[in-house]
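Mind looking over this structure? Questions follow.
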Amino acid sequence: MDQKPARTRLAPSPTGRFHVANARNALYSYLIARQTGGQFILRIEDTDQRRFVPGAEEVIARSLDWLGLTPDESPFHGGPYGPYRQTERRDIYQHYSKRLVETGHAYPCFCTPERLDQMRKEQEARKVDRVRYDGLCRRLDPEEAARRVAAGEKYVIRFKMPYEGTTTAHDHIRGDIVTENRYLDDYVLLKSDGLPTYHLAAMVDDHEMKITHVLRSAEWLPTFPLHVQIIRAFGWEEPVWLHPSILLKPSGKGKMSKRDAAAAMKDGHSTFVDDLDGLGYIPEGVLNWIALMGWGVADDDVMSLDEMIERFSIDNLTPSPAAINFQKLDHFNGTHIRRLTTEQLAQRVKSFLTETGLEVDDDTLLKVTPLIRERLVTLDDSIAFASFFFKDTIEPNPEDLIAKGLDASQSAAIARESHKILASLPEMSHQTAEPPMREFVERSGWSANQVFGILRVAVTGQKVSPPLFESMEVIGKEKVLERVQHAISLLESL
RNA sequence: GCCCCCAUCGUCUAGUGGACUAGGACGCAGCCCUUUCAAGGCUACGACCGGGGUUCGAAUCCCCGUGGGGGCACCA
């Protein structure tokens, strides 16, 4: 629908979990690529060996797959612009940092961590506005610097930030951002271990991988001018920059912390995509939830991925921080569960049921699914709503068998009469069972609530259940009668 | 402390100078439906942070406050 094919990317570092913020950036990037017929790329930013977490890459890939945002190019699928793991691109960064030194945009710095530390302490003592590198090595004669490098001295490469003037960087959702260069620093581009920092690596890779739209979290705004400066130093064309707002914890006060994450989990919620599956959330619901934190939609906010591709526009991205709202997650999850076909829902619900040890046959499950569909917020709610269908026997709490306003013997009488009526029926279908039971309610003078309440607990073992007669139909006459009989003896022994 | 970003119902947002009596969604409350729980339908409650400008006219543009958030590493 749009102009040229866009190339977008998600560039997470394999340092931990895959958060909804990552997922949102992935979604928007994916959407931009899809609607222009372009590509969505996964690049792993693993240049910090100390923070590397084994297995994190797999979590990222699995989470993206689960969401349906499978990258077109990635370390796992490959692609024409690989490798897609930064530690495998060492030479490329070396090459480009050298080029920056040659053109006078960067310089080797031999300052030790100890000196830097001391320098910062002094600056802090002087109460300078902005602690920054003092430029000692920047003033070195380039030839001498080259000699020291050749001699094997340890060094980093720093970017030569202009001391004066301003840098104007343009973000598509925020407009021009003007920063005075004196507040910036001579950032390290290449570390002493020969690996690049994010600043160099990301700019080089985005250029090399022909990324047209860089969408990344607003945490990058402070170093945005640096990035623009680096690109300009290379003489490259800038991508379209998009910095969506960060996501705040539900209270709106700051980013999610470990403690917030734990609190959410206790509540059956999570901001980690790989938790959501196990908690019974479905990708459709999660995607819809994520999409709306930072994307302004006027109405009809229930959307599938395809509908999002159709409706998304980078012009509708919002710049303000958004608080994570789990009630909305629940709402969208339930809504999308209801949009599933019976077959789809049955299939997704099955593992939750079997995991509790139940034997679930597909025929029964297919009959049960329509009964529980509009009651599910998450897939695991099916355990509470449908377990009794798959059990041979149930054990109701005897107290629950006593209807409101009645005593045990009255309730037992109702149960006996119900048993008699049901036993006389040819079969247990909804249509044949309900009329005589209704008639019994009329004639007995008890309320439908009381009579059906007793029957419900007797048959399902619980006070809250899917519709009673539909449930009895699925369970079948024989088992229903057994269960009612059992309820009668429970009541009689009270 | 310094820099940057942001500012419409509790929350996510629509709104791009007059069509705003500020719209939608979540949540909340009530009603309807109903054998329970849901789902669904209807209704209610609910916001332009403050102050100055600009303009015939400002939620919308500008400035200043205030508030919130983010960043100040050889981490990303």
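Order of the sequence lines sets the chain letters (A, B, ...), proteins ahead of strands, with each chain counted from 1.
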Checklist entry - When rounded to the nearest Å, what value does the distance between P atoms of B:rC61 and B:rU16 take? => result 11 Å
Next on the checklist: Measuring only the P atom in each nucleotide, how far is B:rG69 from B:rC74? A whole number of Å is fine.
Outcome noted: 27 Å
Next on the checklist: Would you say A:Thr47 places a side-chain N or O within less than 4.0 Å of OP1 or OP2 belonging to B:rA76?
Outcome noted: yes
Checklist outcome for this item: Applying the 3.5 Å cut-off to both distances, the Watson-Crick or G-U partner of B:rU16 turns out to be none
Next on the checklist: What contact category does A:Arg438 fall into here, base, sugar-phosphate, or nothing, at under 4.0 angstrom with non-hydrogen atoms?
Outcome noted: base
Checklist entry - Under 4.0 Å between a side-chain N or O of A:Arg132 and OP1 or OP2 of B:rA73? => result no
Checklist entry - Closest nucleotide of RNA chain B for A:Leu184 versus for A:Pro113: which of these residues is on the 5' side? => result A:Leu184
Next on the checklist: side chain to side chain donor-acceptor pair (under 3.5 Å) for A:Asp176 and A:Thr168? Distances and angles first, verdict last.
Outcome noted: CA-CA 6 Å; A:Asp176 283 346; A:Thr168 301; 5.9 Å; no
Next on the checklist: Roughly how many Å apart are B:rC26 and B:rC62, using the P atom of each and rounding to a whole number?
Outcome noted: 34 Å
Checklist entry - Closest to the A:Arg375 side chain: B:rG1, B:rU35, B:rA38? => result B:rA38
Next on the checklist: Mind checking if A:Phe469 touches a base, just sugar-phosphate, or nothing, with heavy atoms under 4.0 Å?
Outcome noted: base
Item to check | Which residue lies more 5' along RNA chain B, comparing A:Glu434 with A:Val128 via nearest heavy atoms | outcome: A:Val128
Item to check | Rounded distance (Å) that lies between atom P of B:rU36 and atom CD1 of A:Ile402 | outcome: 20 Å
Item to check | Touch class at under 4.0 angstrom, heavy-atom based, for A:Arg120 against every strand present | outcome: sugar-phosphate
Next on the checklist: Could you tell me how far apart A:Arg174 (CZ) and B:rU16 (P) are, to the nearest whole angstrom?
Outcome noted: 21 Å
Checklist entry - What nucleic acid atoms does A:Leu189 come within less than 4.0 Å of, heavy atoms only: base, sugar-phosphate, or nothing? => result nothing
Item to check | Interatomic distance at P, B:rC31 relative to B:rC49, whole Å | outcome: 35 Å
Item to check | Whole angstrom value for the distance that separates P of B:rC74 from CD of A:Glu114 | outcome: 12 Å
Next on the checklist: Work out how far the C1' atom of B:rU21 is from that of B:rC9, and round it to whole angstrom.
Outcome noted: 16 Å
Next on the checklist: Could you tell me the Watson-Crick or G-U partner of B:rA25, where both distances fall under 3.5 Å? Say none if there is no partner.
Outcome noted: B:rU11
Next on the checklist: With rounding to the closest Å, how many angstrom separate the P atoms on B:rC56 and B:rG46?
Outcome noted: 35 Å
Checklist entry - Any ion pair linking A:Asp185 and A:Arg130 (charged N to carboxylate O, less than 4.0 Å)? => result yes
Checklist entry - From the list B:rA39, B:rU35, B:rG68, which nucleotide is the closest neighbour of the side chain of A:Arg456? => result B:rU35
Checklist entry - Phosphate oxygens OP1/OP2 of B:rA76: is one of them under 4.0 Å from a side-chain N or O of A:Lys191? => result yes
Checklist entry - Under 4.0 angstrom, heavy atoms only, what part of the nucleic acid is A:Pro225 near: base, sugar-phosphate, or nothing? => result nothing
Next on the checklist: Please classify the nucleic acid contact of A:Lys127 as base, sugar-phosphate, or nothing, using heavy-atom distances under 4.0 Å.
Outcome noted: nothing
Checklist entry - Just checking, is any N or O donor in the side chain of A:Thr460 or A:Arg483 under 3.5 Å from an acceptor N or O on the other one? => result no
Checklist entry - Could a donor-acceptor pair under 3.5 angstrom be found where the side chain of A:Ser192 meets the base of B:rC74? => result yes
Item to check | Among B:rC3, B:rU35, B:rA76, the nucleotide that comes nearest once only the side chain of A:Tyr183 is considered | outcome: B:rC3
Checklist entry - NA contact type, A:Gly254, heavy-atom cut-off 4.0 Å: base, sugar-phosphate, or nothing? => result sugar-phosphate
Checklist entry - What does A:Ile246 touch in the nucleic acid at a heavy-atom separation under 4.0 angstrom: a base, only the sugar-phosphate, or nothing? => result sugar-phosphate
Checklist outcome for this item: Protein heavy-atom contacts under 4.0 Å, written 5' to 3' over nucleotides 18-27 of chain B as B (base), S (sugar-phosphate only) or - (none), form the string -----BSBSS
Item to check | Derivation of the salt bridge (charged side-chain N to carboxylate O under 4.0 Å, His left out) call for A:Glu470 and A:Lys367 | outcome: CA-CA 9 Å; A:Glu470 281 90 335; A:Lys367 285 184 221 155; over 6 Å; no
Item to check | For atom CZ of A:Phe224 and atom P of B:rG71, their distance in whole Å | outcome: 17 Å
Checklist entry - Roughly, in whole Å, what's the span from CH2 in A:Trp220 to C1' in B:rC6? => result 20 Å
Checklist entry - How about A:Trp289 and A:Tyr281: are their ring centres within less than 6.0 Å of each other? => result no
Item to check | Between A:Gln344 and A:Thr341, a side-chain donor and acceptor under 3.5 Å | outcome: yes
Checklist entry - Taking the inter-plane angle between the rings of A:Phe224 and A:Trp241 on a 0 to 90° scale, is it parallel (under 30°), tilted (30 to 60°) or perpendicular (over 60°)? => result perpendicular
Item to check | Of the listed nucleotides B:rG71, B:rA39, B:rU35, the one nearest the side chain of A:Pro222 | outcome: B:rG71
Item to check | Between B:rG65 and B:rA25 - C1' atom distance, rounded Å | outcome: 33 Å
Checklist entry - Between A:Asn333 (CG) and B:rA38 (P), how many Å, whole number? => result 17 Å
Next on the checklist: Run A:Thr167 and A:Asn181 through side chain to side chain donor-acceptor pair (under 3.5 Å) and show every step you take.
Outcome noted: CA-CA 6 Å; A:Thr167 300; A:Asn181 293 149; 2.5 Å; yes
Item to check | Electrostatic pair A:Glu208-A:Arg43, nearest N-O below 4.0 angstrom | outcome: no
Next on the checklist: Ring centres under 6.0 Å, that's the criterion: do A:Tyr187 and A:His227 meet it?
Outcome noted: no
Next on the checklist: Rounded to whole Å, please give me the gap between CE in A:Met472 and P in B:rU35.
Outcome noted: 14 Å
Next on the checklist: Only pairs with both distances under 3.5 Å count, Watson-Crick or wobble alike; so what is the partner of B:rC2 in this structure?
Outcome noted: B:rG71
Checklist entry - What nucleotide among B:rA76, B:rU36, B:rC37 has an atom nearest to a side-chain atom of A:Pro467? => result B:rU36
Item to check | Residue-level proximity of residues 314-323 of chain A to RNA chain B when a heavy atom falls under 4.0 Å | outcome: A:Thr318, A:Pro319, A:Ser320, A:Pro321, A:Ala322, A:Ala323
Item to check | side chain to side chain donor-acceptor pair (under 3.5 Å) evaluation trace for A:Thr342 with A:Arg373 | outcome: CA-CA 8 Å; A:Thr342 298; A:Arg373 176 190 277 117; 2.9 Å; yes
Item to check | Atom pair distance, as rounded to whole Å: NE2 in A:His336 and P in B:rA39 | outcome: 16 Å
Checklist entry - Hey, are A:Tyr84 and A:Asp205 close enough side-chain-wise for a donor-acceptor pair under 3.5 Å? => result no
Checklist entry - Does A:Arg130 make a side-chain donor-acceptor contact with the base of B:rC3, cut-off 3.5 Å? => result no
Next on the checklist: Using atom P in both nucleotides, what's the gap between B:rG71 and B:rA76 to the nearest angstrom?
Outcome noted: 15 Å
Next on the checklist: Using a heavy-atom cut-off of 4.0 Å across all strands, would you classify A:Gly453 as base, sugar-phosphate, or nothing?
Outcome noted: nothing
Item to check | Partner set under side chain to side chain contact (heavy atoms under 4.5 Å, CB included) for A:His331, not counting sequence neighbours | outcome: A:Thr335
Item to check | For B:rC49, the Watson-Crick or wobble partner whose two distances fall under 3.5 Å | outcome: B:rG65
Checklist entry - Using a distance-only test with no angle check, is there a side-chain donor-acceptor pair under 3.5 angstrom linking A:Tyr107 and A:Asp186? => result yes
